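Right, one structure below, let's go through it.
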Amino acid sequence: MSETQRRRVNVHPCDKPESDDSGILNEGILLLVFESIKWDLHVLCLTASVNRKLRAIAKRLLWRKLCVFRAPFMVAALANGAPNGRIGGGWDALAKLMFFCSGCESTRHFMVSRAIPGHFTRASRFSKTSGRSFLAKKCRGDLLFVSDPCEHPMGDKEDDLGIFRGVFRGFMRSKTRACLIRRQVPFDERVRCPYCGTRVWSMTAARLVPKSAARRLGSGDRRLEYFVCVNGHLHGACWLVPLSSDEEVCDGGEEDVDGDDDDVNENHGGYDEVDGDACSHQTVTNGSTSSLGEDVLGGGPIDLLLNL
C-alpha cells in the first residue's frame with residue numbers, strides 16, 4: 001500500500017476541516033434559525049456548548065442578540081443607544097444576569113441559616129426606578145437597573161429571603177465606582193461576581209447602602225447586603241418583611257411615564273400572564289414594558305449557562 005493510500009485510510013470522516021461557511025458555523029444561518037425560534041435560551045445554551053467555534057460565535061454575537069430581543073429597552077439604555085457595541089463583562093454575563101438568580105451564602109455582614117443555591121428564573125422584572133433606590137445621594141447620576149427580589153422561604157421561624165441582582169450602565173465612568181476608589185474600599189476577600197467571576201466590593205462595608213434600598217425591597221434597615229463587581233454587576237440578598245393579608249395588594253406594574261408602549265399586546269390589556277399569576281410581575285409585553293422597567297422571560301432551568 002502506498003503512502004498516499006495509507007493517509008486516505010487513516011482519515012476519519014469527522015476529522016475533515018470545517019469550513020467557516022458550513023451551515024452550523026454560518027452566522028447568517030444561525031441568526032435566521034434563532035430569529036425563527038424567538039431566541040430560545042435553551043437552544044442557545046446547547047448551541048454554545050457544541051464546540052469551541054460555536055462558543056466563540058455565541059460569545060461575540062448570539063448572546064448580544066438574545067439580550068436585545070428579550071430586553072430591548074434595558075439593553076438600549078445600558079449600551080447608550082448602541083446595542084451593537086460592547087458592554088461591561090460581556091454579553092454572555094449580561095444574559096446570565098437576566099435569567100439567573102445567584103443564590104445566597106452567609107457573608108461577613110449577612111448571615112443565613114442555610115445556603116440557597118443559584119437557579120434560573122422563569123421571569124424577572126428589572127427597573128431603573130428600583131435602581132435609583134440603591135444609589136447613594138452623591139451617586140444619583142448613575143444608571144442602574146435592579147430586579148425585583150426572588151423570594152425564598154427559609155422556614156416557619158424565619159422571614160423569607162429575597163435575592164436580587166442588577167447592572168450599571170458604563171460602570172467604569174460611574175460616580176459609584178469613583179466613590180469606591182476615592183474611599184479606597186478594598187475588594188471582598190471571599191465573594192466573587194456570580195455572573196462574570198471578577199472581584200467585588202461590599203456596599204455594606206463601603207457604607208454606601210441607602211435606606212431607600214431596604215424600603216424598595218420590602219426589607220428592614222440593616223437587613224440586607226449587596227455587592228458590585230468591577231464590571232458593574234450587582235447581586236445581593238435581604239430579609240423580607242412579612243405582609244399581612246390586608247397588605248397583599250396586586251401590583252399592576254410601574255407607570256409608563258415615557259409612554260413607550262409600542263410593543264404592548266392589546267389582546268391581554270397590555271400584558272400576557274405567565275402561569276395565570278397577574279400579581280407576580282412575571283408578565284411579558286412582547287419583550288418590553290416601558291423605559292423604566294422591563295420583564296425578561298427565561299424559559300426553564302438551563303444548567304449549561306452556569307458554565308459561561
Side-chain angles (χ1 to χ4, degrees), residues 41-42 44-45 63 66-67 70-71 74 78 89-107 110-128 130-131 133-134 144-155 158-168 188 190-198 200 202-204 213-214 216-219 223-229 231-241 251 274-275 277 279-284 293-308:
L41 179 62
H42 191 183
L44 181 46
C45 288
W63 289 121
L66 178 138
C67 291
R70 292 299 181 92
M74 186 171 83
L78 292 174
W91 291 100
D92 51 344
L94 179 61
K96 185 174 181 180
L97 185 144
M98 284 183 178
F99 305 111
F100 185 70
C101 170
S102 62
C104 180
E105 295 180 350
S106 293
T107 63
F110 192 87
M111 302 297 294
V112 291
S113 58
R114 58 184 174 87
I116 300 296
H119 64 92
F120 278 82
T121 60
R122 181 178 179 85
S124 300
R125 178 173 175 79
F126 289 84
S127 167
K128 66 181 182 183
S130 295
S133 302
F134 288 76
L144 170 65
F145 283 88
V146 173
S147 72
D148 289 343
C150 180
E151 299 183 18
H152 295 262
M154 297 295 285
E158 294 184 276
D159 291 340
D160 288 349
L161 183 69
I163 302 174
F164 52 94
R165 58 204 191 274
V167 58
F168 281 82
D188 191 277
R190 294 179 52 195
V191 181
R192 291 274 181 160
C193 177
Y195 303 108
C196 65
T198 58
V200 301
S202 167
M203 303 303 279
T204 303
R216 187 73 191 186
L217 291 166
S219 182
R223 302 188 75 215
L224 75 158
E225 181 174 32
Y226 55 94
F227 302 87
V228 176
C229 79
N231 287 317
H233 303 137
L234 178 151
H235 76 282
C238 65
W239 294 109
L240 299 172
V241 175
D251 186 354
V274 175
D275 293 336
D277 185 359
C279 299
S280 66
H281 288 299
Q282 296 185 7
T283 58
V284 61
E294 188 140 37
D295 299 320
V296 181
L297 281 188
I302 302 153
D303 296 335
L304 289 170
L305 197 55
L306 290 170
N307 297 321
L308 287 177

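Quick caveat: nothing in here was measured; it's all calculated off a predicted structure. Values below: every heavy atom of this structure, side chains too, minus hydrogens, waters and symmetry copies.
F120 and F100 have their aromatic ring centers within a separation under 6.0 angstrom. A ring-centre distance under 6.0 Å is found for F134 and F164.
Put simply, CG on D92 and CG on L44 are 10.0 Å apart, with the number rounded to the nearest 0.5 Å. Here the CD atom belonging to E158 is positioned 3.5 Å from the OG atom belonging to S113, to the nearest 0.5 angstrom. Note: S127 OG to D148 CG = 7.5 Å, rounded to the nearest 0.5 Å. Atoms SG and CD, on C101 and E151 in that order, are 11.0 Å from each other to the nearest 0.5 Å. To the nearest 0.5 Å, the span separating CG on L240 from CG on D159 amounts to 7.5 Å. With rounding to the nearest 0.5 Å, the separation of CD in E225 from OG1 in T204 is 4.0 Å.
No donor-acceptor pair closer than 3.5 Å links the side chain of S219 to the backbone N or O of L224. Judged by distance alone, with hydrogens and angles left aside, the side-chain atoms of R165 form a donor-acceptor pair with the main-chain N or O of M98 at under 3.5 Å. Listed for the D188 side chain is a donor-acceptor partner under 3.5 Å among the backbone atoms of R190. Checked by atom type and distance alone, the side chain of T121 pairs as donor or acceptor with a backbone atom of F99 at under 3.5 Å.
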Side chain to side chain contact (heavy atoms under 4.5 Å, CB included) evaluation trace for R223 with C238: CA-CA 6 Å; R223 302 188 75 215; C238 65; 5.9 Å; no
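Across V146 and G131, no two heavy atoms sit closer than the pair CG2-CA, 3.7 Å. Of all heavy-atom pairs between K96 and P194, the closest is NZ-O, 3.2 Å. Of all heavy-atom pairs between V112 and C104, the closest is CG1-SG, 4.0 Å. Closest heavy-atom contact between A237 and L161: CB-CD1, 4.1 Å. Taking every heavy atom of both residues into account, F145 and K128 meet most closely at CD2-N, 3.6 Å. L144 and G166 get closest at one heavy-atom pair: CD1-C, 4.4 Å.
Taking the six-membered ring for Trp and thresholds of 30 and 60 degrees, F110 and W239 have nearly parallel ring planes, at less than 30 degrees apart.
Two residues are said to be in side-chain contact when any heavy atoms from C-beta on lie closer than 4.5 Å; P149 and I163 fail this criterion. Taking the side chain as every heavy atom from C-beta outward, V228 and M203 approach each other to under 4.5 Å. At a threshold of 4.5 Å between non-hydrogen side-chain atoms, the residues L78 and V167 count as touching.
Legend: residues meeting side chain to side chain contact (heavy atoms under 4.5 Å, CB included) with R192, ordered by chain and number and at least two apart, are R199. Every residue two or more places apart in sequence or in another chain was checked for a side chain to side chain donor-acceptor pair (under 3.5 Å) with E105, and none qualifies. For H235, the ring pair (Phe, Tyr, Trp, His ring centres under 6.0 Å) criterion is met by F227, not counting sequence neighbours.
Donor-acceptor pairing under 3.5 Å is lacking for the side chains of S130 and R125.
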